[in-house]
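Below is one structure; the comments refer to it alone.
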Amino acid sequence: MADVATAPHPILERLVATVGARHVVTDAQDAAPYLAEPRELFHGKARCVVRPGSTAEVAAVLKACDELGVRVVPQGGNTGLVGGQIPDQSGEEILLSLKRMDRVREVDKDSMTMTVEAGLTLLRVQEEAEKAGALFPLSLAAEGSCTIGGNLATNAGGTAVLAYGNARDLVTGLEVVLADGRVLSNLSKLKKDNTGYDLKHLFMGSEGTLGIITAAVVKLYPRPRAMETAFIGLRSPREALALLNLAQEIAGGGVKTFEIMPRFGLEIVLRHAAGARDPLAGPHPWYVLLEIGAADESGETLMRVLEAGMEGGLVDDAAVAASLDQRKDFWRLRELMSEMQKHEGGSIKHDVSVPVAKTPQFLEELYPAVERFMPGARPVPFGHLGDGNIHANVSQPPGMDKQAFLDRWYEMNEVVHAIVTRLGGSISAEHGVGTLKRDLLPGVKDPVALEVMRAIKKTLDPKGILNPGKVL
Ligand code: FAD
Ligand code: ZN
């Protein structure tokens, strides 16, 4: 069966009149890349893929959909991990791709802001900031293909949250097309503006269910003069947390990244990634990738942290990146950890957070809980210790049938989420809810909060045409 419905529908004519036939994709083969995400966990069908090139075109598309009651799924770079950007199986929804909206509208160096369209890739936003001699700090492994609109719609996290905050902290203004085609235009550069409700925060993290983000004013930051990077071997997450505190004390606000990885995660990368090398001479139970932004190239701050860490018995061994290439090699070990798991069979994902102070306890409880539930299953918990956000992935037991393992996805989730909930954490730290976690939400979210969310959805999208079935 084709993934794109062939029956003509009046919406198609309206869309062609709005954006031109070239940008209304109905051919199944051309539409296919939009209808499955790269990990192939989610597949959908759509009436067509529409690719508007301006805010006015997005507004006209939504107006037509509103009038004809057609449901719309917005999509940026299609790198989302919870299925939010993939249409359902009905073949009646249309997929709205923002990828053609990829202009930089303005760089304002004195205000330290940049106005960008939603379809610009995160990498290009970073590059444009760099050209202006500034830094746009949001950074994640999918940055070459994810879009800034998708980042804001999911309130993306990544590896620089410790120092700069989530995506929502990096924005002063938004332009959003509402479900009925009205444009909420608030491309404000203001650092201070207390004129009532801060509406931009409604749309950030709403995963395309309340409006379509077409442009944003993002904040720029001064670039650190130098980056000092170390790959550190240590005994346990307790030492890692103590090292984080020590590094914060010594480096002031300089700690940019603090990522934790277990030995087994590193082994997977070393086994399956071409050219990957262990930076340290011997094995260690846990590793930390530490990055400090410094005012000069002396490397002194990092050395002070490592020396104090060794004296305090926190650091067992460390390698310091002596070149940009070495720094990239260290980062590659961290960034490939999730992807390389596929070579070990099925992997059940958890994107969870707990208060930073509870991260060691979470990791200590995770291993025996998983082992009790499924003997031989192999946890690969890694990620943003500095934010209390761990990607507590679990690889299947060796030799087990992959599908039989994946069939127990939600049961495994229950085991891991029970620990998270008990420790006051969240079952979706940075990837969002989408369809993957939608049915879990009522079990963990305050019922009044859910009522308020539903009321907001009803007000902004009374006909329920914007990304239905996602989040709520
Ligand atoms: P899409 O996948 O296209 O869409 C994501 C959601 O946003 C969907 O619900 C979609 O409907 C909605 N949406 C997209 N664009 C718009 C718009 N303009 N207006 C309204 N709604 C919109 N995420 C992190 O937070 N931290 C990480 O460290 C991280 N690492 C990743 C590493 C890899 C290898 C991969 C594949 C993904 C990773 N992700 C991470 C998840 C993903 O990259 C982010 O969620 C990203 O922000 C999604 O951007 P996108 O443009 O691909 O959005
Ligand atoms: Zn992450």
Side-chain angles (χ1 to χ4, degrees), residues 33-34 36-39 41-42 44 52 55 58 62 72-87 93 95-102 116-123 125 138-161 166-168 174-179 202-216 257 259-260 334-342 349-353 381-387 389-393 428-436 438 466-471:
Y34 298 90
E37 45 80 56
R39 295 181 312 172
L41 283 178
F42 304 95
T55 304
V58 174
L62 272 265
V72 186
V73 179
Q75 186 179 90
N78 192 12
T79 68
L81 298 172
V82 291
Q85 74 279 18
I86 302 296
E93 299 185 330
L95 188 142
L96 190 155
S97 167
L98 277 303
K99 293 268 283 192
R100 278 181 66 224
M101 289 196 62
D102 64 351
V116 292
E117 291 187 341
L120 210 64
T121 63
L122 174 55
L123 185 63
V125 178
L138 188 67
S139 176
L140 43 107
E143 63 200 19
S145 36
C146 66
T147 63
I148 187 71
N151 300 147
L152 302 181
T154 58
N155 183 28
T159 51
V161 174
N166 297 303
R168 72 161 77 247
L174 276 192
E175 180 185 81
V176 182
V177 176
L178 301 182
L202 266 187
F203 299 99
M204 289 188 280
S206 73
E207 302 180 44
T209 61
L210 299 180
I212 297 192
I213 298 168
T214 45
T257 287
E259 301 276 309
I260 192 165
R334 157 64 185 85
E335 289 188 332
L336 287 177
M337 199 148 287
S338 187
E339 194 186 325
M340 290 303 126
Q341 267 191 279
K342 69 174 179 242
K349 315 281 182 190
H350 305 90
D351 164 38
V352 299
S353 64
F382 68 92
H384 322 294
L385 176 74
D387 315 322
N389 173 198
I390 301 293
H391 298 304
N393 297 349
S428 180
E430 60 173 8
H431 296 160
V433 178
T435 47
L436 184 70
R438 182 196 57 200
L466 271 181
N467 220 1
K470 314 291 164 58
V471 184

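One-based numbering, in listed order, for ligands and for the atoms of each. Below, all heavy atoms of this structure are taken into account, side chains as well, without hydrogens, waters or symmetry copies. Residue numbers count from 1 along this sequence.
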Please answer whether the main-chain N or O of Gly383 pairs with a side-chain N or O of Asn389 as donor and acceptor at a distance below 3.5 Å.
no
Which angle, to 10 degrees, forms at the Zn ion (ligand 2) with NE2 of His391 on one side and NE2 of His384 on the other?
100°
Closest non-hydrogen protein atom to atom 50 (P) of ligand 1, residue and atom name please, with distance?
Gly77 N, 3.4 Å
Leu466 CG to Ile212 CD1 distance, which is reported to the nearest 0.5 Å
5.5 Å
Pick one of side chain, backbone, both or neither for how Val73 approaches ligand 1, counting any non-hydrogen atom pair under 4.0 Å.
neither
Verdict with reasoning, Leu96 to Val73, per side-chain contact (heavy atoms from CB on, under 4.5 Å):
CA-CA 6 Å; Leu96 190 155; Val73 179; over 6 Å; no
Kindly identify the option in Gly84, Ala153, Gly157, Gly150 whose heavy atom sits closest to atom 25 (O) of ligand 1.
Gly157
Under a 3.5 Å distance rule, please check whether Glu37 uses its side chain to pair with a backbone N or O of Ile86 as donor and acceptor.
no
Report the C-alpha separation of Glu207 and Thr154 in whole Å, then their side-chain angles, then the decisive distance to 0.1 Å, and conclude whether the side-chain hydrogen bond (donor to acceptor under 3.5 Å, both in side chains) test is met.
CA-CA 5 Å; Glu207 302 180 44; Thr154 58; over 6 Å; no
How far is atom 36 (C) of ligand 1 from its nearest protein heavy atom, and which residue and atom is that?
Thr79 O, 3.7 Å
CG on Leu41 to OG1 on Thr435, rounded to 0.5 Å
10.0 Å
I need the Lys349 NZ to Leu81 CG distance, nearest 0.5 Å.
8.5 Å
Using only heavy-atom distances, determine whether the side chains of Ser97 and Gln75 contain a donor-acceptor pair under 3.5 Å.
no
To which protein heavy atom is atom 11 (O) of ligand 1 closest, and what is the distance rounded to 0.1 Å?
Pro74 O, 2.6 Å
Using non-hydrogen atoms of the residue, decide whether Gly211 is closer than 4.0 angstrom to ligand 1.
yes
Report the distance from atom OG1 of Thr121 to atom CD of Glu143, rounding to the nearest 0.5 Å.
9.0 Å
So, does Gly434 sit close enough to ligand 1 that a heavy atom of it is under 4.0 Å from the ligand?
no
Which atoms from ligand 1 have a heavy atom of Leu98 less than 4.0 Å away?
18 (N)
Any N or O on Ile213 sitting closer than 3.5 Å to an N or O of ligand 1?
yes
Examine distances only and state if a side-chain atom of Gln85 and a backbone atom of Pro74 form a donor-acceptor pair shorter than 3.5 Å.
no
the protein heavy atom lying closest to atom 2 (O) of ligand 1 turns out to be Gly80 N, 2.7 Å
Protein contact to atom 3 (O) of ligand 1 [nearest heavy atom, distance to 0.1 Å]:
Gly76 N, 2.7 Å
Plane angle bin for Phe382 and His391 - parallel if under 30°, tilted between 30 and 60°, otherwise perpendicular:
tilted
Of all the atoms in ligand 1, which lie at a distance below 4.0 Å from a heavy atom belonging to Ala118?
18 (N)
Considering only heavy atoms, does Glu339 approach ligand 1 within less than 4.0 Å through its side chain, its backbone, both, or neither?
neither
Could you verify whether a donor N or O on one side chain and an acceptor N or O on the other, from Asn166 and Glu430, lie under 3.5 Å apart?
no
Within the structure, is a non-hydrogen atom of Asn78 found at a distance of less than 4.0 Å from ligand 1?
yes
If we only count N/O pairs under 3.5 Å, is Asn151 in contact with ligand 1?
yes
Looking only at atom types and distance, does a side-chain atom of Lys470 sit under 3.5 Å from a main-chain N or O of Gly84, one as donor and one as acceptor?
yes
Rounded to the nearest 0.5 Å, what separates atom CG in Asn393 from atom OG in Ser338?
5.0 Å
Taking Asn151 for the side chain and Leu122 for the main chain, is one N or O donor matched with an acceptor at less than 3.5 Å?
no
Checking the N or O distance criterion of under 3.5 Å, is ligand 1 in contact with Thr154?
yes
Distance from Leu62 atom CG to Leu178 atom CG, nearest 0.5 Å?
8.5 Å
Please confirm whether Lys470 approaches ligand 1 to less than 4.0 Å, judged on its heavy atoms.
no
Numbered in order shown, the ligand 1 atoms found under 4.0 Å of a heavy atom of Ala142 are 32 (C), 33 (C), 35 (C), 37 (C), 43 (O)
Nearest non-hydrogen protein atom, atom 23 (N) of ligand 1
His431 CD2, 3.4 Å
Examine all N, O or S atoms of Asp351, backbone included, and report whether one is under 2.8 Å from the Zn ion (ligand 2).
no
Under 4.0 Å to a heavy atom of Ala141 - the qualifying atoms of ligand 1, by number:
32 (C)
Near Ala156, which atoms of ligand 1 are under 4.0 Å from a heavy atom of that residue?
25 (O), 47 (O)
Output the list of atoms in ligand 1 that are nearer than 4.0 Å to some heavy atom of Asn467, sorted by atom number.
9 (O), 11 (O)
With atoms numbered from 1 as shown, which atoms in ligand 1 lie under 4.0 angstrom from a non-hydrogen atom of Gly208?
20 (C), 21 (N)
Where ligand 1 meets Leu81 - atom numbers and elements under 4.0 angstrom, heavy-atom basis
36 (C), 37 (C), 38 (C), 39 (N), 41 (C)
Has ligand 1 got any nitrogen or oxygen that is less than 3.5 angstrom from a nitrogen or oxygen of Thr147?
yes
Quick one: does Leu140 get an N or O within less than 3.5 Å of an N or O on ligand 1?
no
